[in-house]
Structures are given as C-alpha cells and as structure tokens.
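Numbering of residues begins at 1 and proceeds along the displayed sequence. Everything numeric here is computed off the predicted structure, so don't read it as measured data.
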Amino acid sequence: MKKSFMKKIKRVAATGLALATMMGTLSACGGGSGSSTDAGSTEASTGSSSTEGGNGSSAFSLINPEDGKRDTLTLTVFSERANYSGLQEGWSAKLMKDLFNVELNIVPNAEGAFNTRMESGTMGDIVVFGSEADYMQARDAGLLFDWEEDNTLADYGPYIKEHMSYALEKNRNMSSDGKIYGLGYEVATNSKDLQSFFYTWDIRWDLYAKLGYPEVKNLDDLLNLFIEMKKICPTDDNGKPTYAASLWPDWDGDMVMYVKSTATAYYGYDEFGVGLYDPSTGTFYGALDDNSPYLQMLDFYHKLYANDLLDPDSMTTTYDTMIQKVKSSGTFFSIFNYAGCLAYNTAEHMESGRMMRSLTPSDASPIVYGLNVLGSNNYWAIGANCEYPEVSMEIINYLCTPAGRMNFEYGPQGITWDYDEDGNTYFTELGKKTNSDGSTVLEGGGFSGTFKDGQLQINMTTWSIDASNPDSNGETYNDESWKSNISEPLCDVDKDWREKTGCTTTNEYMLKGKYMVSPGSAYVLPIRSDELKTTWAQVTKCIRENSWKAIYTKTDEEFTSVVNAMKAQAKGFGYQECWDWSNEQAKARKAAEDAASN
C-alpha cells in the first residue's frame, strides 16, 4: 500500500513539530526511579526520539493544523486471542490516550470473524494472530502491511528493529517474497534460558496439610487426595458444592484443551497436530492411539466426574465463570497457575489461612518451554488497509520497550510498580493489591476502575515474561524474579509450603523435580491443503465432541464404549490422514530443534 504524497508531507511536518515539543511528554512511563505516571500531554508527541532505555518510539504525530494538536484516532485491533469486544477501557485506555491520543476498538475472533475479514479484505489496523496458519493465510492473501514499506519499521519501530532483529529475520524467512509482515510473540533475550513454569499443579495446600501431607505419586493418588479433600471441605464460600477442578470449553482447539494440557503437564509432551509431541525423542502420539496420553487423561477426568469431583458445568461454562468458582474456593486443583494460585491467592484468602501451592505428582514431568530469540507462533501484524500504519507501528514498538512491557503487564509505573535507587523492581502497596487481586481499584495519577477491567484486552505479549528487563538491575519482567518478592513468606500456609518443599518460589520447586524441556527453534507449522483442512475440521470436531461425552460417563464400561465409537467415527472422517501429516511434521520439528541446539 502506497501512501499519498500529501500524507508524506503531513508526516514530515508533524515530526518537526513533535521534535520541538516531545521532551518530558512520556517521562512518567519511560523507566527509572521516582518517575511520575501522569503521562502528560500528547498533543504533539508519541514518545522520546531516543531508543536508549526509554520508550524507543519515534516522534510521528498527526497534527491538526487548526489547533496544533494531535487528532484522536480510533484504531481497530482484530485479536484472535482476545476475549473482549468493544473499546478498551480503564487504565490501559488512559495510557493509550496519554501516549498516543489513540482509542483501541478490540474485535475478537468470534463466530467466524477471521473468515469474514478475509473475505472482506480488511483485517483491521493492528492485527494479532493466535494461529500461525491464519497469519500465513492473511499474509499470502495480501492483507498484511509490509513493515519495511516507506521505512515504517526503521522510523516508527526503532526499538523493535534494534532489539528484536532475530525475530524479524525469522519472519522475513517465513515469507516467499523476503518481506517482514509481522513479529512473533514471547521473544527472548537469551535462548539458553527457560521460561517459568505455568503447568504448576496447584492444590489447596491448607487442605493438603490438614490431611497430613499424603504421598502423591501418580494420578490415582491425586484422585484419592481429592476424595479426602471434599470430605473436609464439601462447600465453597457461597455454600455451593466443591470440586477438584472446573474445566471450560471455550479454549478448546483440535482437542479438549484441559485434557490435552494435563497430558502436557504430566508427561511433558507438547500439543501438536491431532495429538502430542515428545520433545526429547520427536515421537508423535496421536490423540486416539490405543492408550495414548490424551486418552489416559480423558479417563482421569471421567473418573473425577464419576466421583463427583468435576464441576458438572464444565462442558458449558466459560473461562470467566470458572475463575469465579476458583476465587470462591470452589476448586481444589488446577494444572495451570493462572487458573490456580494466581487467581486464588488473594490477601483475604491468605489471611484466613487458605492458599494454593504447587504439588507435582512424583511420576510427572511437566513441560517447560525454552526461551526463543526468534519469538513464538502467535504474531503481531498491521492490516494492509490500515490508514495510519505509522501509528500502529509506534504502538507495537512501545509495547516492545521495557517501559511498555512493564506498564501493560503490571499497571502504570509509579502507581503500581517502580524501580528503587539500585534499579531493583518493586510493587507499591497498591501494586501488591492489584497484582494479587484484579478487582482492586486503581487510584492515583488520574486512573480509575479496577485493575482487571483496565487490563489491555488485546491479550498478547511482546517480550517473554522471563526475558531480561534491561531497565532493571538484572531482573526479568516476571515479578517472581524480583528481589523484592523473594522475601518473607506471604502467610502461614506459604511458610508451611516452603518448609515442606525446601523452596522459596514455584519455579525453584518445579526445577527441583522432574521436567521436560521443549526447546525453541525456527520450525514453522506449514499451511494444510484445502482438502486436508476439510478432513481436519471433521476429525477434530469428532474428537472434541466425543471427548466431552466420554468425560461425562459414570462407569468405565460406558467410557470405553464412547471412546471406541469416537475412534471409529474419526477413522471414517480421515483420522489416519491427519495422523500421517502430524507425524511427518513431528519429524520436521525435531530436525529444526536439533539444528538449533547445535
């Protein structure tokens, strides 16, 4: 897409005015100790002209010649990862307005939105892909903006260009025309490091302690533990029945997400195609293979349901509803930290002697992902029809800076977090509350509303949470790595967990046990043929629908009958063809991982 001559003239004029007025505009969000979070006026600037330690944004602005101010823009953000529709609200909206005089209209990928946008030829202004295949399809259809056109990346994405060069080159190499159309997420500063674990096997440690710390070697032991937990805690804070776990279907993909993820958490096998992939050997395990890891975990959740330990609403609930049950003490367990300790461990719960902490079965080898300087397989992009790609690039660029990564993860600097005089990161008293309880109201600096309601609804990151933060004193973006947070136990339950495990942090505990590393590489899953896409859709729908039927069975005989019927039906739809494709791709992935390690 070529810009008009008048747009270029306007851009140059805007830059000159912005350079004259930018100083101090974003001092609040640029890092360093003692800075204020009142971002001030953005009448003629969207950031510092320097990429050195600050926000790294260029000075592009859209200046209204009548009053010399930058016009407010509303940009459409189509995000396949979003769970929200409408204008961004709350503290993130204020930051965007203060920084860029921009409002963001979030459009999620609901009810076939991707296909609709492909057909219309308009993806949006900023585009976030949760699917590598969708990204490549949109790119190949000419619906994405070339980041290097008119020097857009160099002029308006200088921090990305300087600090994420490996990820940019990976994207260039993915394109047959050698152009850059996007940026992978979860970029690392060092590929030799590991991400923090998020398959953390969280349980109600206070209940576990009351039961005398029974040994948990395998899933059978875990089932028995849950049976005993329900006996001593049959109802939640609202008087409703408790369960070991509450699942949700709205994140299901080719398989039932929670079932597949439990296999990943137990065996360390990564989701891949219509099954799971062993990163240590490159072996592919089809979801419906006899006694496959997926079917083993399906059987585990069937047993939970048969013992009244699985939330019966699991097949129809949503993620948000599930989280409310977790927060109401309605569950004992989660394989994920975000649906376990991160949601449950509020100040109120800890003060009352309740807390979720990790307890990994001794036979389990949870997966942990290697950091990757190339980034991972979700992508930031800009729509080809975006009228102001410079502004979109500036926003993505800012989110890639240390200040942007921190501000949109934890809230405004100086209000919820800051650096001390030695460059160590810490939460303010308000930040401690917002970080542990998203319903906390954000006050000060002109901000309002709860922390959760104001979080950036794009639901996408730039740097990995475990990447090094160059603005800090050797810490990462992950608050668990901050010196200020590795201190005294949070409560008596935390103290007990530390004494029993000999560990201070969750990551320390997970690294102390068995685990499986999934290394990063340049491997890219190719686009399936149209014929295979049709077969794939039928097979995976069969797997998802029948998996839920299998979970909701009361006897082992009924479970086996449903599974056998699922196998037969999926075979008729072309399961073997999907299996063969997945197996071949597993070999290609393993070759790429081996090459990256040499």
Side-chain angles (χ1 to χ4, degrees), residues 194-233 236-237 242 244-245 265-266 326-327 329 331-368 424-427 429 431-433 435-437 466 475-476 478-515:
L194 299 177
Q195 292 183 14
S196 55
F197 288 79
F198 60 88
Y199 291 108
T200 52
W201 293 88
D202 293 350
I203 67 156
R204 280 282 300 279
W205 187 267
D206 53 299
L207 299 179
Y208 179 65
K210 288 179 181 179
L211 292 170
Y213 313 101
E215 180 184 17
V216 178
K217 183 178 181 181
N218 51 40
L219 295 179
D220 290 336
D221 291 342
L222 200 60
L223 172 63
N224 292 330
L225 174 63
F226 295 150
I227 291 172
E228 296 304 312
M229 282 186 170
K230 182 144 186 170
K231 290 179 181 178
I232 64 173
C233 185
D236 67 8
D237 298 342
T242 54
Y266 195 81
V326 173
K327 291 180 177 180
S329 303
T331 59
F332 307 138
F333 161 76
S334 171
I335 57 171
F336 300 111
N337 59 1
Y338 59 81
C341 65
L342 296 183
Y344 186 74
N345 293 345
T346 63
E348 180 182 359
H349 284 152
M350 291 188 288
E351 288 170 3
S352 64
R354 296 176 290 173
M355 193 178 191
M356 277 191 160
R357 276 314 228 154
S358 294
L359 179 69
T360 306
S362 58
D363 282 355
S365 299
I367 201 168
V368 60
N424 298 316
T425 325
Y426 68 91
F427 284 121
E429 288 304 311
K432 291 177 183 177
K433 296 177 182 177
N435 192 57
S436 65
D437 185 357
D466 297 297
E475 297 173 328
T476 71
N478 191 336
D479 63 284
E480 193 172 272
S481 77
W482 301 350
K483 298 178 182 67
S484 61
N485 286 341
I486 306 175
S487 54
E488 297 300 314
L490 299 173
C491 62
D492 289 343
V493 181
D494 189 31
K495 180 180 179 182
D496 184 65
W497 180 83
R498 293 187 186 200
E499 290 175 352
K500 288 294 182 182
T501 62
C503 300
T504 302
T505 68
T506 300
N507 227 44
E508 182 184 358
Y509 170 78
M510 301 302 293
L511 289 170
K512 188 177 180 180
K514 296 189 295 184
Y515 57 89

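- For the ring-ring contact (aromatic ring centres under 6.0 Å, His included) test with Y199, the passing option among Y266, Y338, F336 is F336; the others fail.
- Contact record, A347 with S436: N-OG, 4.4 Å, taken as the closest heavy-atom pair.
- Residues V216 and P361 have side chains in contact (heavy-atom distance under 4.5 Å, counting atoms from C-beta outward).
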(request) List the steps and the verdict of side chain to side chain contact (heavy atoms under 4.5 Å, CB included) for E499 and K495. (result) CA-CA 6 Å; E499 290 175 352; K495 180 180 179 182; 3.3 Å; yes

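- Summarising the geometry of R498 relative to T504, their closest heavy-atom pair is NH1-CG2, 3.4 Å, with the distance given to 0.1 Å.
- Atoms CG and CG, on L225 and L211 in that order, are 6.5 Å from each other to the nearest 0.5 Å.
- Across V326 and T331, no two heavy atoms sit closer than the pair CG2-OG1, 3.6 Å.
- The CD1 atom of I227 lies 10.5 Å from the CG atom of L222; values are rounded to the nearest 0.5 Å.
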(message) Pair D237, H349 - check side chain to side chain contact (heavy atoms under 4.5 Å, CB included), show working.
(response) CA-CA 11 Å; D237 298 342; H349 284 152; 3.7 Å; yes

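- Closest approach of G502 and K512 over heavy atoms only: CA-NZ, 4.2 Å.
- Using modelled atom types, no side-chain atom of Y344 and backbone atom of R357 make a donor-acceptor pair closer than 3.5 Å.
- Using modelled atom types, no side-chain atom of D202 and backbone atom of M356 make a donor-acceptor pair closer than 3.5 Å.
- Here the straight-line distance linking atom CD1 of I367 with atom CD of Q195 works out to 10.0 Å at 0.5 Å rounding.
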(request) Report the C-alpha distance between F197 and L511 in whole Å, list the side-chain angles of each, state the deciding distance to 0.1 Å, and finish with yes or no for side chain to side chain contact (heavy atoms under 4.5 Å, CB included). (result) CA-CA 9 Å; F197 288 79; L511 289 170; 3.7 Å; yes

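- No side-chain N or O of T346 forms a donor-acceptor pair with one of D437 less than 3.5 Å apart.
- To the nearest 0.5 angstrom, M355 atom CE is 4.5 Å from C491 atom SG.
- Closest of all the heavy-atom pairs between C233 and F332 is O-CZ, 3.5 Å.
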(message) I'd like to know whether E508 forms a side chain to side chain contact (heavy atoms under 4.5 Å, CB included) with I486, so could you lay out the CA-CA distance, the side-chain angles of the two residues, the decisive distance to 0.1 Å, and finally the verdict.
(response) CA-CA 11 Å; E508 182 184 358; I486 306 175; over 6 Å; no

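- Using modelled atom types and a 3.5 Å distance limit, the side chains of Y213 and D496 yield a donor-acceptor pair.
- Annotation for A343 and K327: closest pair O-CG, 3.6 Å, computed over non-hydrogen atoms.
- A donor-acceptor contact shorter than 3.5 Å is absent between the side chain of W497 and the backbone of D492.
- W205 places no side-chain N or O within donor-acceptor distance of the main-chain N or O of D494, the cut-off being under 3.5 Å.
- A donor-acceptor pair under 3.5 Å is formed between the side chain of K230 and the backbone N or O of T242.
- Remark: of the listed residues T506, N478, T505, N507, N478 is the sole one forming a side-chain hydrogen bond (donor to acceptor under 3.5 Å, both in side chains) with S196.
- Under a 3.5 Å cut-off, the side chain of K500 and the backbone N or O of A209 do not form any donor-acceptor pair.
- With E475 contributing its side chain and K483 its backbone, the two residues share a donor-acceptor pair below 3.5 Å.
- Within 6.0 Å of NZ in K210 there are 12 or fewer heavy atoms belonging to other residues, nucleotides or ligands.
- Distance alone, capped at 3.5 Å, is enough to place a donor-acceptor pair between the Y509 side chain and the T360 backbone.
- Atom CD of E348 has 12 or fewer heavy atoms from other residues, nucleotides or ligands within 6.0 Å.
- Looking at residues two or more places apart in sequence or on another chain, you find no side-chain hydrogen bond (donor to acceptor under 3.5 Å, both in side chains) involving N337.
- The closest donor-acceptor contact from the side chain of N485 to the backbone of S481 lies at 3.5 Å or more, if one exists at all.
- The main-chain N or O of A265 is found under 3.5 Å from a side-chain atom of W201 such that the two form a donor-acceptor pair.
- Once rounded to the nearest 0.5 Å, the distance linking CD1 of I203 with OG of S358 reads 9.0 Å.
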